[in-house]
Amino acid sequence: MVLVCAAAPAQAGDGNIVSLARLWSAARATHPALADDRVDWDRALVAALPQLRDEYDEPSLRLAIATLMAPLRDEALRIGAEAPAYVRWPADGVVLEWLPGDTALLHLHPGMRADSRPLLLPAGARQVILDLRPLREFARAPSSAMLHAVLAQLIAEPLLLPAERYRFSTGPRPNNPGRWEGMTAGFMQLEAQRLQPAPGARALPMVFIVNDTQMVPHAVLALQRTGRARIVAEEGAWRSRAGPVQTLSIGDGLRVQFASGQLAWPDGSATVLAADRTLRMDRATGPASTPVKAALALLAQPSTPLISPPASAPLYPVRHDDEPYRDMRLPEREWRMLAAIKLWATLDNYFPAKRLMSSSWDDALQRCLYKMAHVQDAREYGVILQEMASSLDDSHVGVGSRALGGNSRTHGIGVVLAAIDEGIFVANVTDPALLRSGLLKVGDDIVQIDGEYVGARLARLRAATAASNEAGRWRKAMAEMLTFLPGAGVTLQVDGSDGKRREVVLQPTPLDDALAPRHARPMIAMFDMIKGSRALILDMRGYPHGTGRAIAARLNVNDASVFAMHYQQLVTAHETSYGVQLAYPDFLYPTLAPLYRGQVVMLINEHTQSQAEHLALAVEAATPVTFIGTPSAGADGELREVVLPGKVHVWYSGAEVRHADGRQLQRVGVQPDITVAPSVAGLRAGRDEVLERAQAFLRQDQE
């Protein structure tokens with residue numbers, strides 16, 4: 001069986017590096033030999049890249065492909081399309097020839113114009129040779145129904161055929177495996193077929209003649225394994241093959257075929273084609289031909305069941321984590337190329353919201369590969385990967401490494417900023433000491449940081465900031481703008497509410513100290529305190545503490561069971577799998593406690609992200625809720641992580657979450673029923689205009 005690979009099709013203008021990247025990605029996701037860590041697939045690409053010369057030099061691309069695929073030991077591998085030679089037999093020739101010893105030679109060559117009626121084998125036959133080699137190009141293999149109709153006359157007991165088994169993958173392991181509700185990688189095995197003997201069938205010795213132009217049928221392998229048939233394989237430029245194969249067209253139409261799966265026996269072992277006799281290319285048939293003579297010689301020998309050789313891949317998948325690359329700081333050129341390709345391949349296969357991106361992910365790869373060839377230092381290397389990841393349009397995306405300060409930029413200024421009327425204002429002071437000092441106040445307009453205008457600083461940071469929408473991009477860039485190395489003072493130019501500009505020098509504090517530890521806050525029995533109240537305002541302009549389901553269960557006057565749908569990528573080489581996603585619901589479970597039946601309002605803004613949006617979906621399903629504020633961040637879904645050379649970590653949304661009715665959430669966010677945002681005047685007056693609007697709404701509703 002030949003399958004079309006589910007990898008992305010080749011694009012016009014693909015250079016050799018991108019072509020090799022497409023092949024590396026497709027094999028990484030589906031090849032059965034990569035179901036565990038016995039093959040270092042990263043190092044295979046690093047070894048192949050130096051073989052490439054000019055971007056469009058096909059001989060060097062072929063050499064690079066051969067180098068890349070060599071560790072897989074794939075008998076199905078074919079690089080390029082060699083012109084095959086076909087068996088020499090007339091298209092309208094006879095189907096049955098008699099040979100000495102009452103041996104029936106059946107010409108079942110694909111491409112023959114044979115009578116469509118079923119072939120009935122004469123009762124006088126004592127042994128059979130079945131020549132399955134095609135006689136012309138593009139001839140279909142004999143249909144399984146036709147071949148099985150013939151074989152059913154030659155077996156006395158039911159014949160169990162091997163089952164097709166495919167590896168599937170769902171991406172890197174989640175950040176928190178204990179809480180992951182999706183599916184991890186594995187093997188999928190299809191139903192096996194059982195061939196029943198025809199009425200009056202007789203078990204006869206058989207030999208099949210096959211060659212390298214067609215896949216060996218499943219039934220032939222089953223007959224050989226049980227000792228009821230043998231195989232003569234005539235091979236030319238390539239080996240004869242069995243099992244599922246996928247084809248990928250890369251570069252300037254260069255076709256690469258490789259294994260897409262396995263054929264598995266009931267004991268779990270994988271089928272590996274092992275002919276009883278292998279011949280050089282002949283393509284002749286008939287009594288005087290070498291292949292038929294070899295078949296007759298095999299029939300003269302006693303037959304024994306075939307002992308299957310060891311499987312080339314494990315019988316079950318084995319989890320293996322990404323290589324940590326601990327010894328790399330600034331990787332060599334080939335490892336930098338690997339980093340770009342690995343990031344592209346991971347997200348190309350497993351990012352569930354790729355269709356929602358506003359730019360081409362393939363173009364992002366090509367830009368990154370070009371820049372990787374001119375990297376000067378470790379920080380520039382990390383920044384290039386950061387810029388590539390930013391094109392994913394996902395607020396969950398983050399990039400961290402030593403070179404980017406991921407382990408050293410641990411201090412910050414304890415304020416929350418807001419972009420209002422083209423200015424950047426202090427919306428909240430979260431550091432108690434800074435609040436007491438009065439150096440920064442809510443409503444202050446930040447003009448410069450360390451001599452750099454905030455507009456320029458934000459534009460620089462924004463270019464490397466991934467976000468689902470513009471509000472989320474500004475939010476993340478503003479948070480990044482306030483993160484610093486420890487021990488260095490920070491000078492701010494600030495315009496206060498009095499219109500005067502002042503200079504403020506601050507010492508950044510540890511980021512973990514900005515808020516009191518969770519255990520130090522008072523715990524309350526919320527629903528006991530609010531029972532009997534007319535309305536409830538939930539302020540979700542931040543991040544919850546895993547209480548969403550518990551809160552929604554007490555609000556569930558709608559008796560809802562499903563409050564969200566999760567969609568996860570499933571990548572396998574099976575022909576029906578292209579574009580397949582796993583979909584599974586998120587449930588609300590009933591509670592024995594009394595339900596809250598008052599009116600519910602939820603406050604949202606760009607800080608409402610991920611778990612906060614999940615809580616919003618749960619409340620939305622549970623009760624008639626009114627959302628007030630501005631749209632949420634539009635990034636829900638469990639975090640996944642890929643590690644790249646140089647110990648660069650990239651996080652992204654591993655699942656796409658939608659509303660219970662299937663509406664899009666990613667990049668859209670939860671939309672407010674009443675839109676209201678803070679103003680500069682409101683900030684400086686100490687007012688919470690969003691909360692005030694919610695209170696006014698509830699008063700109006702009461703009237």
Side-chain angles (χ1 to χ4, degrees), residues 171-177 179-180 321-322 324-325 339-340 342-348 350-354 356-357 359 361 364 368 378-412 416-417 458 460-485 511-512 514 542-543 606-614 632-657 666-667 669:
R173 65 185 301 171
N175 254 15
N176 188 346
R179 293 182 59 246
W180 177 244
D321 296 330
D322 280 328
Y325 307 109
K342 189 171 186 177
L343 177 59
W344 170 82
T346 301
L347 279 299
D348 189 61
Y350 306 119
F351 183 43
K354 191 178 73 170
L356 302 177
M357 292 172 56
S359 59
W361 188 229
C368 189
R379 178 165 179 77
E380 183 184 2
Y381 164 68
V383 168
I384 291 171
L385 291 173
Q386 199 172 44
E387 290 175 351
M388 180 179 176
S390 70
S391 65
L392 288 167
D393 299 324
D394 177 18
S395 291
H396 269 153
V397 166
V399 181
S401 71
R402 290 178 302 174
L404 290 169
N407 297 329
S408 54
R409 296 172 68 244
T410 57
H411 286 54
V416 176
L417 300 179
L458 281 173
R460 173 170 53 81
L461 294 172
R462 185 180 174 279
T465 300
S468 302
N469 52 35
E470 280 305 299
R473 197 179 305 277
W474 283 111
R475 186 202 81 211
K476 291 179 68 176
M478 285 188 290
E480 177 69 14
M481 185 170 64
L482 299 178
T483 305
F484 302 93
L485 295 170
L511 293 174
D512 291 341
Y543 204 76
E606 70 275 9
H607 292 276
T608 309
Q609 178 176 312
S610 196
Q611 188 186 144
E613 291 176 299
H614 217 55
S632 68
D636 193 3
E638 185 73 35
L639 280 181
R640 292 292 185 100
E641 177 185 2
V642 57
V643 184
L644 307 175
K647 206 176 181 183
V648 178
H649 297 253
V650 181
W651 299 272
Y652 67 96
S653 296
E656 181 189 353
V657 178
Q666 185 77 14
R667 300 210 68 193

Q.
Quick one, Glu480 and Thr465 - any side-chain contact, counting heavy atoms below 4.5 Å?
A. no

**Q.** Candidate pair Trp651 and His396, rule side-chain contact (heavy atoms from CB on, under 4.5 Å), full reasoning
**A.** CA-CA 7 Å; Trp651 299 272; His396 269 153; over 6 Å; no

Q. Do Phe351 and Thr346 touch side chain to side chain, with heavy atoms closer than 4.5 Å?
A. no

Q) Any side-chain heavy atom of Trp474 sitting closer than 4.5 Å to one from Arg462? A) yes

Q) What is the minimum heavy-atom distance between Gly472 and Ser395, and which atoms define it? A) CA-OG, 4.5 Å

Q. Which heavy-atom pair separates Arg475 from Ala633 by the least distance, and what is that distance?
A. NH1-CB, 3.7 Å

Q) Can you list the steps and then say if Lys476 with Glu606 is a salt bridge (charged side-chain N to carboxylate O under 4.0 Å, His left out)? A) CA-CA 10 Å; Lys476 291 179 68 176; Glu606 70 275 9; over 6 Å; no

Q.
Is there a side-chain contact between Lys354 and Leu347 in this structure, where contact means two heavy atoms from C-beta onward sitting under 4.5 Å apart?
A. no

**Q.** Closest approach of Pro352 to Ser653 (non-hydrogen atoms, all atoms of both residues)
**A.** CD-O, 3.3 Å

Q. Which heavy atom of Asn469 sits nearest a heavy atom of Ser632, and at what distance?
A. ND2-O, 3.1 Å

Q: Give a yes or no on whether the backbone of Gly634 and the side-chain of Glu613 come within a donor-acceptor separation of less than 3.5 Å.
A: yes

**Q.** Criterion side-chain contact (heavy atoms from CB on, under 4.5 Å) on Ser610 and Asp636, from CA distance to verdict
**A.** CA-CA 4 Å; Ser610 196; Asp636 193 3; 4.3 Å; yes

Q. Of all heavy-atom pairs between Ser401 and Val648, which one has the smallest distance, and what is that distance?
A. CB-CG2, 3.8 Å

Q) Which heavy atom of Tyr652 sits nearest a heavy atom of Glu641, and at what distance? A) CE2-N, 4.3 Å

Q. Under 3.5 Å, is there a donor-acceptor pair between the Gln666 and Asp394 side chains?
A. yes

Q) Once you round to the nearest 0.5 Å, how far does NE2 of His411 lie from OG1 of Thr483? A) 11.5 Å

**Q.** Close side-chain approach of Leu343 to Leu644, heavy-atom, < 4.5 Å
**A.** yes

Q.
Any heavy-atom pair between the side chains of His614 and Val657 that's under 4.5 Å?
A. yes

Q | Leu385 side chain reached by Cys368 side chain, heavy atoms, under 4.5 Å | A | yes

